[in-house]
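Below, read A as the first sequence line, B as the second, and so on, with proteins coming before strands; counting in each chain starts at 1. Just so it is clear, the model here is predicted, and its values are computed rather than measured. Atom set for the values below is all heavy atoms of this structure, side chains included, hydrogens, waters and symmetry mates excluded.
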Number of protein chains: 2
Amino acid sequence: MSPAARRPASPTASVKDVAAAAGVSLGTVSNVLNRPDRVAAGTRERVERAMNELGFVRNESARSLRSGRSRTLAYVMLDAGNPFFTDVARGSEGPADDGDLSLFLCNSDNRAGREAAHLEHLEQQRVQGILITPVDPDSPTLDAVVERGTPLVIVDRTRTDDRICSVAVDDVLGGRLAVEHLIDQGHTRVAFVGGPTSIGQVADRLEGARRAWADAELPEDDLTLVHTDSLTVAAGREAGERIAGLASTRRPTAAFCANDLIALGLLQQATRAGLAVPDQLAIVGYDDIEFAAAAAVPLTSVRQPRHELGRTAALLVLDESSNPQHVHQQLTFEPELVARTSTLG
Amino acid sequence: MSPAARRPASPTASVKDVAAAAGVSLGTVSNVLNRPDRVAAGTRERVERAMNELGFVRNESARSLRSGRSRTLAYVMLDAGNPFFTDVARGSEGPADDGDLSLFLCNSDNRAGREAAHLEHLEQQRVQGILITPVDPDSPTLDAVVERGTPLVIVDRTRTDDRICSVAVDDVLGGRLAVEHLIDQGHTRVAFVGGPTSIGQVADRLEGARRAWADAELPEDDLTLVHTDSLTVAAGREAGERIAGLASTRRPTAAFCANDLIALGLLQQATRAGLAVPDQLAIVGYDDIEFAAAAAVPLTSVRQPRHELGRTAALLVLDESSNPQHVHQQLTFEPELVARTSTLG
DNA sequence: GTGCTCGATTAAAACGTTTCAAAGGAGCGA
DNA sequence: TCGCTCCTTTGAAACGTTTTAATCGAGCAC
């Protein structure tokens, strides 16, 4: 077989080629594709045979150029490496499938530049809608996309205004649940581990923690803040070092981490330093990713309804794209505490 | 503001609209877009102003209809929840960016049906190339895609023939490395934990393990097979139960797991059952995902060059799409053992 | 046989872009 | 002033599909 023979005989057969092969007009081929009931059975069969023989593949570009809209939904993820976001993506697949749309995932990797590039490309593709967990939910870039006409829903972040749909989880409540649980377990010296607090999520979770603490009328100074630079396993390990280094009389007996990655890092470092979990240090994470339950000491964590988050966001973006009466909504879900060994002993 | 006012004034401005607004012909607008150097500075400026005022967004459908190719690469992942695959995807981003292409991720979720649906949609979109970790690398569906003209590279799976490009890692060698390491550590009763062996990867890793065992002239029966139904954390836990239940005289002193998810499940269950890792049970995983290093007892694991895997696959698919002389290649990389506490004590 | 209706098929236009040959016009040397 | 070149701009065609109005032919009632 010569190398040339490897290439397809015809670059790609078009509707016109199929029409010629089947001896009908091009309009008829289109009818077979779109309203098969209006085509006589014999003709239809002949056309279908021609399609198979030629290896006809519908050209989606031409299709959506003509129709003005594509059959695609996209989710721009903040971090493809964090299982939380892939779970959200999974939740969006249902509504996408129902609407016969493909769901494409893009990874912004926490970089505004990449995010902007993806958004631009998606707008150019005229996707039906965009779901996005943005680097900055208040960025005007997002407003611009909406103004130019592409439906867009913010996922897992909230906007301070109501010009864009968003779907999020009540992080203040989540923080409260975590700390109330620790208080119930008898802890009176607790650390909040996380940062930077410029991230809305982190600030909210801390706020919730503080409110729970205040409500229990515990001394303000006994809820300490162990700051991290990022929400990663490495940052958790590093925080663990600092905590383990404290004199046991000053050391908190429990840590509430801003997410599970930090909690896992903290758990690892605590174990390494010889601190028993939960006896000497109880740990609560956030997100309840699969690996939280899979840790050697299963992690107590605040679960977000991430599947529901993705599903609702997809439904919202579909409504925005198809319903002229659409009104932007900001939805909030409630998190739930899942207690496991890392706080129960 | 009336609800109607929320909708964009003009659905979307086209090149023609821009031309009219700037008082030039439509060809000139196109020149501004594609060969700005051939347009007089004043004209260019006027056109660019018009574009901004109208919120002009290039229509990618029309563009790729005209040019016959799109600016998109896609990676169809087997399981978006497994960090291994998202890491591979990250590796592909470099070449994609260099070629000024967007990389879209699709999740087949291990289901042939979803995979086929994604492939069909991608063909219709006339993507430049497809990277795929397929449910079944020998499925004729893949050949059909290639024959119809879309460049396609199989990632992390090998084909038995050479009609398609593939990029994989030598799993037999990986299995050998893992077991040689355990033998070096003095283990003489080892379990291979994984399954189903119908998956090529699993069979290869087991084969490598057996060869290392044979080369060391250890009794065949002392390398046991603990079968699992899938490569998940849950399956690992379940296998852990079975191993922990064995009498200590018959129990293997080390386990080589077919992937890290199983290893993490096994580690968790062993800990729960009071088996000390690595003293009573050493554990080796496979893939070296981030969570392997982050476990309470950091896992020894066989690292695959997953970033390199993704990068090479992307380069290969780009070559196939742009180089008429392209010859299909099946590349194999070498894995590497990363020794950590779970085998070193 | 004429005139209708109805189902099947067709021809032509349109979507928004890129490209290419050709036209327009300015500047310049002779 | 003529003729030439060179730079800029233009007009028209093409990509593959969908859609709409129009055409065709057969069957049927009168």
Side-chain angles (χ1 to χ4, degrees), chain A residues 10-48 50-51 54-72 120-121 123-127 148-150, chain B residues 10-48 50-51 54-72 120-121 123-127 148-150:
Chain A
S10 50
T12 331
S14 77
V15 166
K16 204 193 292 181
D17 301 324
V18 173
V24 299
S25 85
L26 136 185
T28 298
V29 177
S30 177
N31 280 335
V32 170
L33 252 14
N34 302 300
R35 290 87 117 218
D37 46 304
R38 291 196 200 162
V39 177
T43 315
R44 185 168 58 227
E45 222 168 84
R46 204 150 25 99
V47 170
E48 278 165 352
M51 285 183 176
L54 296 174
F56 170 74
V57 176
R58 251 163 136 147
N59 185 322
E60 175 67 22
S61 297
R63 226 146 117 65
S64 53
L65 169 58
R66 172 65 219 224
S67 73
R69 57 177 31 201
S70 80
R71 271 156 271 303
T72 305
E120 187 182 345
H121 207 116
E123 279 192 274
Q124 293 186 353
Q125 301 239 50
R126 302 287 191 275
V127 294
R148 279 190 295 260
T150 303
Chain B
S10 52
T12 331
S14 76
V15 166
K16 204 193 293 180
D17 301 325
V18 173
V24 299
S25 86
L26 136 186
T28 297
V29 177
S30 176
N31 281 335
V32 170
L33 252 14
N34 302 300
R35 289 89 115 213
D37 47 302
R38 293 199 199 159
V39 177
T43 315
R44 186 169 58 227
E45 221 169 85
R46 202 148 29 97
V47 170
E48 279 165 352
M51 285 184 177
L54 295 174
F56 171 75
V57 176
R58 249 162 139 150
N59 185 323
E60 175 66 22
S61 297
R63 224 146 117 67
S64 54
L65 169 58
R66 172 64 219 225
S67 72
R69 55 178 33 204
S70 78
R71 279 155 213 53
T72 305
E120 188 183 343
H121 208 114
E123 278 192 273
Q124 294 185 353
Q125 300 240 50
R126 301 287 190 276
V127 294
R148 280 190 295 261
T150 303

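With the nearest nucleotide of DNA chain D identified for both B/S67 and A/R58, B/S67 has the one nearer the 5' end.
Between the side chain of A/R44 and the backbone N or O of A/V32, no donor-acceptor pair lies under 3.5 Å.
Within the model, atoms OG1 of B/T28 and CG of B/L33 stand 11.5 Å from one another, a figure rounded to the nearest 0.5 Å. Atom-to-atom distance recorded for A/N59:CG and B/S64:OG is 7.5 Å, nearest 0.5 angstrom. Atom CG of A/D17 sits about 11.5 Å away from atom CE of A/M51, to the nearest 0.5 Å. Taking CZ of B/R69 as the start and OG1 of B/T150 as the end, the distance is 10.5 Å to the nearest 0.5 Å.
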Nucleotides 9-14 of chain C: which of its N/O atoms have a protein N/O under 3.5 Å away?
unit_1: C/dT9; atom_1: OP1; unit_2: A/T43; atom_2: OG1; d: 2.5
unit_1: C/dT9; atom_1: OP2; unit_2: A/A40; atom_2: N; d: 3.1
unit_1: C/dT10; atom_1: OP2; unit_2: A/S25; atom_2: N; d: 2.8
unit_1: C/dT10; atom_1: OP2; unit_2: A/S25; atom_2: OG; d: 3.2
unit_1: C/dT10; atom_1: OP2; unit_2: A/T28; atom_2: OG1; d: 2.7
unit_1: C/dA14; atom_1: N3; unit_2: A/R66; atom_2: NH1; d: 3.1

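Nearest approach of A/L65 to B/S61, heavy atoms of both residues: N-CB, 4.0 Å.
Comparing the helix axis at one end of the helix from C/dG1-D/dC30 to C/dA30-D/dT1 with that at the other, each defined from 5 consecutive pairs, gives an inter-axis angle of 70° (nearest 10°).
Of the options A/H121, A/Q124, A/Q125, a side chain to side chain contact (heavy atoms under 4.5 Å, CB included) to B/R71 is made by A/H121 and by none of the others.
Residue-level contact check: A/R126 touches neither bases nor backbone, having no heavy atom under 4.0 Å from any strand.
Counting heavy atoms from C-beta on, the side chains of B/V47 and B/V39 never come closer than 4.5 Å. Between A/T12 and B/R126, the closest side-chain pair of non-hydrogen atoms falls below 4.5 Å.
For DNA chain D, the contact window with chain B, defined by any atom under 4.0 Å from a protein heavy atom, covers D/dT8 to D/dG16 in 5' to 3' order.
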